[in-house]
2 protein chains.
Amino acid sequence: MRLLIYRFLAEKQVAVTLSDIENAFDKADRTTLYRTIKTFEEKAIVHQIDDGTGITKYALCEKGCNCEIETDLHLHFHCNNCNETVCLTAHKIPQIKVPKGFVSENVNLVVKGICDKCSGH
Amino acid sequence: MRLLIYRFLAEKQVAVTLSDIENAFDKADRTTLYRTIKTFEEKAIVHQIDDGTGITKYALCEKGCNCEIETDLHLHFHCNNCNETVCLTAHKIPQIKVPKGFVSENVNLVVKGICDKCSGH
DNA sequence: GCACTAATGCACTTCCATTGCATGCGTTAA
DNA sequence: TTAACGCATGCAATGGAAGTGCATTAGTGC
């Protein structure tokens, strides 16, 4: 089961919602998928993405994806056209300056727009 | 009613959830507050913030807060300690580079950590 | 006062995230 | 061989937030 879910995530190049997984595995129960994902999260196999659609998505952690590190520098791109969210691990987030007294531990950056597939390039 | 809500938002220096407003106005109905906020949003009086807690928050737009512009460069700080989210309008977001084929329309940047109140400075 | 519009309140629905409880299955220990 | 245990799975139910339809009330202009 977990292997199947892992492969599903590996094939998908985009972040998926729980519903996506649910639809892909009709046989399995919501709860199982949910808990599997949670397990993956704990083991730092996948990471959670909040792209502003209100639905949490998940994506496999790749090389260079240091989710476990506190100063996580993730960049996610959400397409307003196809509604897909991709993980741009190659693009690092520039250092963000915060005012005095503030301590930065984590940065979440979501860029919205049109993705490469939809823009036609 | 709307004036009361406006004043409430003005007093608060942090972004608030619908529940926060609801608690502050026991007399009023949820729907009224909800629709009032929506109206404010349309009129660009407040803007919505998604700080990753899963609950959408709202904050007054200030001078220099160009929510209405597509290339909205907002920086929000979410404190992991007191769970409050503040709007750092003074801090602009640096230009984000996206890969070829991607078109950036909107940027959402949330920094998490410890705020000035909680860090003791 | 009358009519019209805007604002408010109530009830209901939907959607997603999460949890409690029961079941099944494989492994270990008596 | 069997009893006990841990773990994965499934079903059902809960809770919280967002959103909507409809009736009622409050204003506003005439």
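Note on naming: letters A, B, ... go to the chains in the order of the sequence lines (proteins, then strands), and numbering restarts at 1 for each one.
Atom OH in A/Y6 sits about 18 Å away from atom P in D/dA8, given to the nearest Å. The nearest whole Å value for the distance from the CD atom in A/E22 to the P atom in D/dT9 is 15 Å.
Here chain B contacts DNA chain C (any atom closer than 4.0 Å to a heavy atom, that is under 4.0 Å), and the contacts span C/dA7 to C/dA11 from 5' to 3'.
Considering A/I21, A/I49, A/I37 as possible partners of A/V16, the one that fulfils the side chain to side chain contact (heavy atoms under 4.5 Å, CB included) test is A/I21.
Using a 4.0 Å heavy-atom distance criterion, B/T56 is classed as a sugar-phosphate-only contact.
Residues A/D116 and A/S119 bring no donor and acceptor atom of their side chains to less than 3.5 Å of each other.
Take A/T53 and apply the side-chain hydrogen bond (donor to acceptor under 3.5 Å, both in side chains) test, not counting sequence neighbours, and it matches A/D51.
The number of heavy atoms from other shown groups lying within 6.0 Å of CZ (B/F25) is above 12. Atom NZ of A/K97 has 12 or fewer heavy atoms from other residues, nucleotides or ligands within 6.0 Å.
Within residues 23-39 of chain B, the residues that place at least one heavy atom under 4.0 Å from DNA chain D are, in residue-number order, B/R30, B/T31, B/Y34, B/R35, B/K38.
Taking the ring centroids of B/Y58 and B/F40, they lie at or beyond the 6.0 Å cut-off.
Connection of A/I55 to A/F8 is not established within any shared hydrophobic cluster, with ILVMFWY side chains joined at heavy-atom distances below 4.5 Å, either directly or through further cluster members.
Here the closest non-hydrogen pair linking A/V86 and A/Q13 is CG1-O, 4.2 Å.
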